[in-house]
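See structure below.
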Amino acid sequence: MKKSFAFLLLALLTFTTQAQLDCSRQLDCRIIAKSGMRLRATPSLKAKVVTSVPYDSMVVACQETFGEMTYEEMTGYWRKVEFHGKSGFMFDGFLEIIAVRNPTWNAEPDNTMVEQPKEEEKPLATTTKSSKYSLMTETYNYCGDANKIDAGLLWYGFYPPDPTKGQNYVSVKEVEVNVALSKTKVGKGLEFDVETSEADRSMFLIGLNRKLEAEGMHIKDNSEQLRYGGRKVFPGQELVLGQNEKPIKLSATGNVESSGPCPELTNYKLSLKGEKYFLPVEQNITEELVHNGQCGMPEIYWYGDFTGDGVPEIIFVSVYKEKNHFTLFISDPHQDNAIVRKEAEWVIDKCY
């Protein structure tokens, strides 16, 4: 009888736990903050603390989010969370998603009003703005608007492997950017030389409003793959980016109206395919790439993971007779239906 009662009590507790978290899809998550996390009554740092959750504990979270927040240089969202029968809200910047549960659908819509933080409320802890990335290349006779080069950012140079040292990785260094009037002009307007404090010339420069954790890291060099596989993705082709267990695939579709190295294309579309929260995701990046170059296809200038999340960042270059247009895409772990987001552009015009 006692065993039956204990089994019934366990079943009731399990049912209560599942019933408290009412959402369309549930995520099994692990707390990765060493100091643990606090479960709050509403999505606000000023809200009442329901309970404290220790480091490495498992919680169940809703896939739905309730507002964006940045805490300790980590940008994320508030999510509805359940822990040991208690439900509330938790910042997901320090949650590691372990698994996705089967979708559960409510017979009745959830009309519960969620209290949102007031605009005048400020987090009690120190926070920083969301990461702001800028893209640039070292160049001579730059005739664009030099005032748009943000000297207030921290700038990092990305350098190719040194074959004399047997390197097969891209190195990253913090650099000082120098913008000076060009000594030799090729056009009629103002022209500038954009250089760094390093003797070696970088492949590109990334500017950031915080320290880049990739500084000093060895990022895999993918130049050989681009050299032999090509930097353009023709309709019907697919390129695998990255060597991790769940690689990202860049594929193209469209109609080829004529042959040759620069064919006439119609309905050209570039898509990224991958996996997120253990679910397949496909993202069309064609509309964000606006400039496709004189052949109707942007080229892959560089790709590699410098944010450390296992998903490569991508730089495209659209080549025209009069300019080169660079576009930077950064991996975005916070969007459920997107793999990357367009973050920065850089244009080098021919000044003559």
Taking side-chain contact (heavy atoms from CB on, under 4.5 Å) as the test, write out the residues that go with T286, two or more places apart.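 Partners of T286 under the side-chain contact (heavy atoms from CB on, under 4.5 Å) test: K269, L270, N284.
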For K350, give me all partners under side-chain contact (heavy atoms from CB on, under 4.5 Å), at least two apart in sequence or on another chain.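 Testing K350 for side-chain contact (heavy atoms from CB on, under 4.5 Å), a comparison that skips the adjacent residues, returns Y352.
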Let me confirm one number: the [atom1]-[atom2] distance from [X] to [Y], rounded to the nearest 0.5 Å.
{"X": "L154", "Y": "L212", "atom1": "CG", "atom2": "CG", "answer": "9.0 Å"}
{"X": "S44", "Y": "F66", "atom1": "OG", "atom2": "CZ", "answer": "14.0 Å"}
{"X": "L289", "Y": "S318", "atom1": "CG", "atom2": "OG", "answer": "6.5 Å"}

Please list, chain by chain and in numerical order, all residues satisfying ring-ring contact (aromatic ring centres under 6.0 Å, His included) with F83, sequence neighbours excluded.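 Partners of F83 by the ring-ring contact (aromatic ring centres under 6.0 Å, His included) criterion come out as none, since no residue qualifies.
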Which pairs, with at least one residue in residues 191-200 and sequence neighbours excluded, count as a side chain to side chain donor-acceptor pair (under 3.5 Å)?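 Listed by first then second residue: Y140-E195, N141-E191, S182-D193.
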Who passes salt bridge (charged side-chain N to carboxylate O under 4.0 Å, His left out) against E288, sequence neighbours left out?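 Applying salt bridge (charged side-chain N to carboxylate O under 4.0 Å, His left out) to E288 gives none.
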How about T266 and E257: does a side-chain donor come under 3.5 Å of a side-chain acceptor?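 Short answer, yes.
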Result block: side-chain N/O donor-acceptor pairs under 3.5 angstrom for residues 325-332, not counting sequence neighbours:
| residue | atom | partner | partner atom | Å |
| --- | --- | --- | --- | --- |
| H325 | NE2 | E345 | OE2 | 2.8 |
| S331 | OG | T307 | OG1 | 3.2 |
| S331 | OG | D309 | OD1 | 3.3 |
| S331 | OG | D309 | OD2 | 2.6 |
| S331 | OG | E313 | OE2 | 2.6 |
| D332 | OD1 | H334 | N | 3.0 |
| D332 | OD2 | Q335 | NE2 | 2.7 |

Specify whether Y320 and H291 have parallel, tilted or perpendicular ring planes, treating 30° as the upper limit for parallel and 60° as the lower limit for perpendicular.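 Correct class here is perpendicular.
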Please tell me whether W302 and F316 form a close aromatic pair, meaning their ring centres lie under 6.0 Å apart.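 Distance test on ring centres: not under 6.0 Å, no.
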Would a line drawn from the ring center of F158 to the ring center of F204 be shorter than 6.0 Å?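 Yes, the ring of F158 comes within the 6.0 Å limit of the ring of F204, centre to centre.
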Can K173 be said to sit on top of Y156's aromatic six-ring, NZ or CZ under 6.0 Å from centre and within 45° of the ring axis?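 No; the conditions do not both hold, so K173 does not lie above the ring face of Y156.
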